[in-house]
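What follows is one structure encoded as structure tokens, with my remarks underneath.
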Number of protein chains: 2
Amino acid sequence: MKLSVQHGKVDLYHGSGGRAMVQLIDQIFLREFANPILAQKNDQALLALPGKRIAYTTDSYVVSPLFFAGGDIGSLAVHGTINDLAVGGAEPLYLSVGFILEEGFPLKDLRRIAQSMAKAAKKAGVSIVCADTKVVERGKGDGVFINTSGIGMMAREQSLSRTPQPGDNIIINGYIGDHGTAIISQRENLSFATTIASDSAPLHELTARMLRAAPSIRCMRDATRGGVAAVLNEWADYFKIGVLVREKTLPIRQQVQSACELLGLDPLYLANEGKVIAICPDDQTEALLKAMHSHPLGQKSVIIGQVTDDPLHLVQLETLMGGQRLVDWIAGEQLPRIC
Amino acid sequence: MKLSVQHGKVDLYHGSGGRAMVQLIDQIFLREFANPILAQKNDQALLALPGKRIAYTTDSYVVSPLFFAGGDIGSLAVHGTINDLAVGGAEPLYLSVGFILEEGFPLKDLRRIAQSMAKAAKKAGVSIVCADTKVVERGKGDGVFINTSGIGMMAREQSLSRTPQPGDNIIINGYIGDHGTAIISQRENLSFATTIASDSAPLHELTARMLRAAPSIRCMRDATRGGVAAVLNEWADYFKIGVLVREKTLPIRQQVQSACELLGLDPLYLANEGKVIAICPDDQTEALLKAMHSHPLGQKSVIIGQVTDDPLHLVQLETLMGGQRLVDWIAGEQLPRIC
């Protein structure tokens, strides 16, 4: 029986384990994610890995709205999990996908999301090898939630998490706050900011190039929820280091700055979905920046600050006026459901 | 700052990427799931695997109610994913966990669920090595949804999915319909059935024993959503085989039978969370049953039917009266949110 994707909606039958579920899986997910492993229709994917050392990660995605400038929940769920593998120094290979669908969700939109996931995965060279679908009653979900987990291969012996030293540089691959601004401007109908698109992108090629050029990189992290400020505070806390960021070096688009001023937000806390922050010893920084500038996702790469020996392990911002202010942990929720 | 687990509730701050989220993760999840890999607080777990061949699976859990006789959403999320690996012939090693929490959910209940997951994982010998938490606004979720993915090691060369032959036996490790009955009797307040507990259990030790005793097992599957009927229909369709099940051999508890009669349900379609169905050539069936009977989760193992050469690839039931009826795919939703 053919599913009416154009006019149909998700109903509870699609989560039943019966024929309706099989139709949904066959006619939307298997078709879009097409690959020989998924086509075996087992409850588990059997994978022959090229090595024995892997990176493994998971993230759920509850972004609202589901579709936004520069992407949608599907491409975000692929890029986000790829990036969590990439910043660990791994080469992303395989993804799992779990859908939680709300009764009544249009099948047309579900197919659009699946197509977007398939396209993002293909472009990034990863395969979606196992999947699951659940359906909840109307009012017990919100359209679509997606979980992706991912497996990547580790070429290096050790984990990419070495204690930074005072004087090390902090580097980012371009403009901050684009994803957060794209989402909120769509939510709030900010017409002036609607030209801002999410920076959602897979970072693994860039990070691989970075690690080849500067093998002494201490650590990398993608600056998603909580933005640059969250990453720097997590590092300061975990490694017991201080951080000094220079405001004049922060790459921020004018429209992002304007949106932040209007809404009382701080770009340092805005989510990004295609930005990696790295800490690198000074003697490899030039080589690192050169490598980053040679990649399309790294053309605007800059040094935004340094590691310090601050005994209080604080993250400080040197402002445009020359003063200093504390970049604390975000106290509350700046923007809920940003990813 | 200490989280008030006893009286606190999930709020949107707990999903922000800021300090509140770190507190929630540290004081509930890291404490309960304690292991050295998770303690590194990276966005990805680095794992050294004992081999290069793995099984990989994912499932989301949306069961309602969250707590039920014999388990809760937490233990279910651990057992379910372990079982999807086990029935592929893999030894489960690592789990990822993604939580989607609804604003207002009591932290006390969240801790109880995390404790239940930790206990189930420990007992089964698997580690929860990466995790993620998202929070959605009140009314956009339903307490807690959990996704788990899992990685297991494959000892065997080939996938456990070989075409069954006519005359092969179909074997199950005990009573069917317990999980479905436990959930629905709690939902419907059926007092006579409340002594029925979910059969939720990790099957990997049993399945390993089965494969040692009967290496020619054609395929195995855990009979969850859609029950025994769904598994048999999927196999009939995928392998192009017929199936004949004998009603008189089906292990069904009297209380499950009574609940089904009262509610117009069919035990063949009821979900199980600790039942594996295997297809085994006749010459290894005796050894298989002996091995199963020696395991606590297999003491009631029985042959429930055979593979046939039915050219229509149907699943048929030989009834108690000696007639035959079709065991079709479940047409609609028998019980929503059963797992």
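Letters A, B, ... mirror the listed sequences (proteins, then strands); counts begin at 1. Note: hydrogens, waters and symmetry copies are ignored here, and every other heavy atom, side chains too, is used.
In terms of non-hydrogen atom pairs under 4.5 Å with chain A, the most contact-rich of Gly143(B), Ser161(B), Gly51(B), Gly139(B) is Gly51(B). Of the listed residues (Thr133(B), Thr81(B), Asn83(B)), the one with the most heavy-atom contacts under 4.5 Å to chain A is Thr133(B). Ranking Ile37(B), Val136(B), Val97(B) against chain A, the residue ahead of the rest is Val136(B), based on heavy-atom pairs under 4.5 Å. Ranked by heavy-atom pairs under 4.5 Å with chain A, the list Ala230(B), Gly141(B), Gly88(B) is led by Gly141(B). When Arg53(A), Met21(A), Lys140(A) are compared by the number of non-hydrogen pairs under 4.5 Å with chain B, Lys140(A) comes out ahead. Comparing Val231(B), Val129(B), Leu95(B) by heavy-atom pairs within less than 4.5 Å of chain A, the highest count is held by Leu95(B). Your options are Ala48(A), Ala55(A), Gly226(A), and the one with the most heavy-atom pairs under 4.5 Å with chain B is Ala55(A). When the candidates Val22(A), Ile54(A), Thr224(A), Asp237(A) are compared by the number of heavy-atom contacts under 4.5 Å with chain B, Ile54(A) comes out ahead.
Neither the backbone nor the side chain of Asp11(A) comes within less than 4.5 Å of any heavy atom of chain B.
Residues Asn42(A) and Arg221(B) share a closest heavy-atom pair of OD1-NH2, 3.9 Å. Residues Gln44(A) and Asp84(B) approach most closely at NE2-O, 2.7 Å, considering heavy atoms. Across Arg19(A) and Trp329(B), no two heavy atoms sit closer than the pair NH2-CD1, 3.1 Å. Minimum interatomic distance between Tyr56(B) and Tyr56(A) (heavy atoms only, all atoms of both residues): CE1-CE1, 4.1 Å. In terms of heavy-atom proximity, Val62(A) sits nearest to Val135(B) at CG2-O, 4.5 Å. Contact record, Gly98(B) with Asn147(A): CA-ND2, 4.0 Å, taken as the closest heavy-atom pair.
Between Phe145(B) and Phe145(A), the ring planes are tilted. Angles from 30° to 60° get that label.
Using modelled atom types, no side-chain atom of Asp132(B) and backbone atom of Thr58(A) make a donor-acceptor pair closer than 3.5 Å.
For Lys134(B) and Tyr61(A), the positive end sits near the middle of the six-membered ring, less than 6.0 Å away and at most 45° from its axis.
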